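Here's the structure we're looking at; comments come further down.
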There are 4 protein chains.
Amino acid sequence: MGRPSNTEQRRADILEAMLEVVAREGYRGATVAAVAQEAGLNPGLLHYHFKKKLEIVVALLERLAAAVEARAERKLRRAGDDPQARLLAYVDAHVALGKGADPRGVAAWVAIGAEAVREPEVAAVFQAAVEERLARLEAHFAAVRAARGERRAGSRSDAAATLAAIEGAYRLSAAAPDALPKGFAAPALRRMVLGLLGEA
Amino acid sequence: MGRPSNTEQRRADILEAMLEVVAREGYRGATVAAVAQEAGLNPGLLHYHFKKKLEIVVALLERLAAAVEARAERKLRRAGDDPQARLLAYVDAHVALGKGADPRGVAAWVAIGAEAVREPEVAAVFQAAVEERLARLEAHFAAVRAARGERRAGSRSDAAATLAAIEGAYRLSAAAPDALPKGFAAPALRRMVLGLLGEA
Amino acid sequence: MGRPSNTEQRRADILEAMLEVVAREGYRGATVAAVAQEAGLNPGLLHYHFKKKLEIVVALLERLAAAVEARAERKLRRAGDDPQARLLAYVDAHVALGKGADPRGVAAWVAIGAEAVREPEVAAVFQAAVEERLARLEAHFAAVRAARGERRAGSRSDAAATLAAIEGAYRLSAAAPDALPKGFAAPALRRMVLGLLGEA
Amino acid sequence: MGRPSNTEQRRADILEAMLEVVAREGYRGATVAAVAQEAGLNPGLLHYHFKKKLEIVVALLERLAAAVEARAERKLRRAGDDPQARLLAYVDAHVALGKGADPRGVAAWVAIGAEAVREPEVAAVFQAAVEERLARLEAHFAAVRAARGERRAGSRSDAAATLAAIEGAYRLSAAAPDALPKGFAAPALRRMVLGLLGEA
DNA sequence: CATGAATGAGAATTCATTCAT
DNA sequence: CATGAATGAATTCTCATTCAT
C-alpha cells in the first residue's frame, strides 16, 4: 500500500546527471538547474533526494573513488602472486584506457577535486581516497622490495610519486587532451615505477 | 600635466592579490570583492584596470607559467652541457622546494587550471603552457637519447608522463599536503625520469 | 464494509502535532513536513484531512481558545455567587499555573496570533476570541459594579486592560521566560483588577 | 575625490521601509523584495548595506526599543520628583496615544517579537529590551515604596505585571484594534499600577 | 486512507559589472 | 584614477500543495 519508493534509482539518476554535467561543463557549470535538466527532473526534486547540492557532489566523488578501486581489485585478482606484477597491475588499473576506462569520471574527478580547497566535505573524501591509494601503493612497493630482500625505506615516497603521476595524467587528459600522445600513460607509468624500484 | 600613470603597478598589485586569494580560497573564493580587498583597492578599480575578471585570471596564469619557465632557464644555465643533467635540472626546477619554490603559485595554478574546462580563455593559456613544457621536455629526452646514439622514439610520451608527474605533484600537494612525505617529489621524479630512459 | 473512518482521530493528531511544533519552533518553523513528522504521518496525508495548512492553524487556534474558556467555565462553577470573586476567578483561569496550565498552548497562541496581521482567517478567529473574552470580562466588571450600586461606565475599558495584561503575560512568558519571577502573573493580576475597581 | 558615502541614509531608508512593510504585512510579508520595493531600491542593494535580512530586522527592533525608551526619558524629565508620578509617567510613555504615538512601531514590535522563538538574534534584542524595562519599572516601584517607608518586596513582580499589561496592549491593538475602546490603555494602566501599589 | 515522489512558485543571497560622483 | 553605490542575473534552497500508486 502506498507508493513504492524509487529513491535509490533517483539518487543514481541524479549522480549520473551530475557526472555528465561536471565532466562536460566543470564544477562551476554544474548548477542544480543544469543537473536537474540533464536528469530530466525538477530542480526541487534534487533537494528532496539530497539535502544539499554538496551532498550530491560528495556522493559522486565517493562513487568515483570506489569505482576505480573496484576496478583495481578486479585487475589484481587476475594478476597472480608476483609482487611486482601486482604493483604494475594496480597502477595500470588507474590509468589504462580500453574497457572500463571512464573519461567522464576522470574529468569529474579533476573538476570536483579542485573544490577541495573550499569545501571541507569534498576535501575529506578526496583526502580519504588519496590516503587509501597511497597506502595500497606503499604496500605494493614494500612487497616488491621485501621479495627482493631489500629494505623497504622510501616506499612511501615512491607511492606518493606514483600517485602524483596518476593524478597528473588525469589532470592533463582533462585539460589538454589534444597535446598528449594517445595512450601514453600506461606504458610510461610502468617504466616510471620500475625506475623508482631501481630497475631498468 | 596630470599625475603619472600607475597602471602597471596597479595591475601587478591586482595580480598579486588574485594569486594570494586564489591560493588561499580557491577559484570560487576569488571574487572580485575579495581580490579588491586583498589588494586594498576597491571593486570598481579592478574593472578599470582589467575589463573583466577573467582577464585577471588569464594574466595571472600567464605570469605563473612564465615564472616557472624562467626558473627553469636559470637552472639550465648552471647545468652544464650534459643532456641528462639538463633534463633532470629542468624537471627539478618544476618540483623542487627550497629557494624559488612558490607554494602559492602551485595552489593557484591548480585552482585556476580546473577552470580550463569552462573557460576557453583559460584553457588556451593552460594548453599553451602544457605545449611549451611538453616541447621542452621532449627536446631534453630526445637530446639524451641522441647523445647515447639511441632512437628518439617515445620521447613525446616520456615528456607527457613526466609532465603528468609534475602536475600531479602540484595537485596532491594542493589537495592533500598532509598525506605526503615532505620533499618527496624531486628525488622520486629523478628516478622516474631515469626509469623512462631505461636507466636504473 | 470498508475500514472505519479514523478521520476525527487523525485530525486531532494533526492538531496536537501542530501545537507541539508551533510551541517549540514558532509559526515559521511549523512547516507541513515538520508537523507531519511530529505526528508520525506524512505530508500528503495532512492535506487529505485538511485542505490547506491554514485550516490546521485555524482549527488549532479555535481549540486553544475553547480550551481556555472551558477552563474558565469550570473555575466559575466553583466560584460561588459573589461577582467580584467570579471576576477574579475568570481572570485567574487565564493566567494561573498549576493543574490545567498549558504552556504549549500559550506559546502557540502567541506565535499564531502574530499571523493575524497577514492571514484574515487567523485574524477572524483571534478577534472572535478577543471579543468573547472582552464581553465576558466586561460583564463580570459590570456585575461587580452593579452589586455595589455603582454605574457600569468604564467596564469595557477595564475589560480591555485586563485582557491586555493577560495577553501580555502570555507574550512575555513566551519571549523572555527567564526574566520573569515565577508565577508572578496570577497574584499581580488580582491586584491590578482590584485597582481597576478602585479597590485597594 | 571618490563618491561620497550615503550608507547611513540608505540604512535609515531601509529600516524605514522594513518598518512600514512589517507593520502592514507582518513578518512573513516582509520579504527582501517587498522591503526593497517599498524603499524604491534594488533588492541586491539591501544586501550591500546589510549583510543579511536578519540584520535589518534586528537593527529595526533596536531602533524601536530605543525610541520608546527615549520617549520615556523625555516624559520623565518633565515629571518632577514624586516617585509615584514618575512611575506613572514612565508607564504612560509606553502606552499613551497622542503626539509621539507610533502605531506602526507597535505593530512591527509585535510582529518581529514573535520571531524571537526562532531567531536567537531577535530573541537577544527582545530580551534585552524586556530586561531594561523590567529593571526601570522595578526601580520606580521600589522608589514609590521607599518614599512611603514600605518594604520593597514584590516590586519585581509588579514590574513584570505592568510590563505584561503594556505588551498586551500592544498586542491587542495590533491584532484586534476594532474591538478595543479608543485610548483605553493609558488611564486603565494607571489604575492597575495603583492597584499593584495597594492604592485605590 | 496512506505513502512518498513531483511540482512550481518564491525566498534569500551572491557577485560580476556598470556608473555617478 | 579612485570611490563606492547600484544593477540585475544567477544560484541554492524551501515549502505548500498535488498526484500517481
Side-chain angles (χ1 to χ4, degrees), chain A residues 1-7 9-11 28-36 40-56, chain B residues 2-7 9-10 28-36 40-56, chain C residues 2-7 9-10 28-36 40-56, chain D residues 1-7 9-11 28-36 40-56:
Chain A
M1 184 171 46
R3 182 174 182 163
S5 170
N6 63 352
T7 286
Q9 182 56 45
R10 274 285 178 264
R11 285 177 63 100
R28 266 178 59 225
T31 66
V32 170
V35 174
L41 302 175
N42 180 296
L45 194 54
L46 268 64
H47 287 94
Y48 179 80
H49 291 292
F50 291 90
K51 218 160 46 207
K52 28 181 227 156
K53 176 185 168 181
L54 197 55
E55 240 180 45
I56 309 178
Chain B
R3 93 189 96 183
S5 164
N6 57 0
T7 290
Q9 182 56 45
R10 276 284 181 264
R28 261 177 65 223
T31 65
V32 169
V35 173
L41 305 174
N42 79 337
L45 198 52
L46 265 66
H47 283 87
Y48 178 83
H49 291 292
F50 292 89
K51 211 161 57 202
K52 34 183 227 154
K53 177 184 172 181
L54 197 55
E55 264 182 22
I56 308 177
Chain C
R3 93 188 93 181
S5 166
N6 57 0
T7 288
Q9 182 56 44
R10 276 283 181 265
R28 261 179 65 224
T31 65
V32 170
V35 173
L41 304 175
N42 78 340
L45 198 52
L46 264 66
H47 282 88
Y48 178 83
H49 291 292
F50 292 89
K51 209 161 61 203
K52 36 184 223 151
K53 178 185 170 182
L54 198 54
E55 263 182 24
I56 308 176
Chain D
M1 183 170 48
R3 180 175 184 160
S5 171
N6 63 351
T7 287
Q9 182 56 45
R10 273 286 177 265
R11 286 176 61 100
R28 263 180 60 226
T31 66
V32 169
V35 174
L41 301 175
N42 181 295
L45 193 54
L46 268 64
H47 287 93
Y48 178 79
H49 291 292
F50 291 91
K51 219 158 49 205
K52 25 183 231 156
K53 176 184 168 181
L54 197 57
E55 241 180 44
I56 308 177

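Please read all numbers here as calculations on a predicted model, not as lab measurements. Residue numbers begin at 1 in each chain, while the letters A, B, ... track the order of the sequences.
F:dA16 atom P lies 10 Å from atom CG of C:L46, rounded to whole Å. Across the protein-nucleic acid pair, B:Q9 atom CD and F:dA2 atom C1' stand 16 Å apart, rounded to whole Å. Atom CZ of B:F50 and atom C1' of F:dA2 are 16 Å apart (whole Å). Between the C1' atom of E:dG4 and the CZ atom of A:R11 lies a distance of 15 Å, rounded to the nearest Å.
Straight-line distance between the P atoms of E:dC1 and F:dT21: roughly 23 Å, to the nearest whole Å.
Within the 4.0 Å cut-off from OP1 or OP2 of E:dC1, at least one side-chain nitrogen or oxygen of C:T7 is found. In this structure, C:H49 reaches the E:dA2 phosphate: one of its side-chain N or O atoms is under 4.0 Å from OP1 or OP2. Taking 4.0 angstrom as the limit, A:S5 places none of its side-chain polar atoms (N or O) nearer than this to OP1 or OP2 of E:dT3.
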Dot-bracket, DNA chain F: Watson-Crick or G-U, under 3.5 angstrom, [ ] crossing, | other strand? .||||||||||||||||||||
Can you give the donor-acceptor pairs under 3.5 Å from side chains of residues 47-55 of chain B to other protein atoms, not counting sequence neighbours?
| unit_1 | atom_1 | unit_2 | atom_2 | d |
| --- | --- | --- | --- | --- |
| B:K53 | NZ | B:A30 | O | 2.9 |
| B:E55 | OE1 | B:K51 | N | 3.0 |

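Here the closest heavy-atom approach between residue A:N42 and residue A:G44 is recorded as OD1-N, 2.8 Å. Looking at every heavy atom in both residues, C:A36 comes nearest to C:P43 through CB-N, 3.7 Å. Of all heavy-atom pairs spanning B:A34 and B:G29, the tightest one is CB-O, 3.8 Å. Taking every heavy atom of both residues into account, C:L46 and C:V32 meet most closely at CD2-O, 3.9 Å.
Contact of the D:I56 side chain with the D:V35 side chain is not registered, since no non-hydrogen atoms from C-beta on lie closer than 4.5 Å.
D:L45 contributes atom CG, which lies 6.5 Å from atom CZ of D:R10 (distance to the nearest 0.5 angstrom).
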What string of B, S and - do you get for nucleotides 7-14 of chain E, 5' to 3', when a contact is any protein heavy atom under 4.0 Å? BB--SSBB
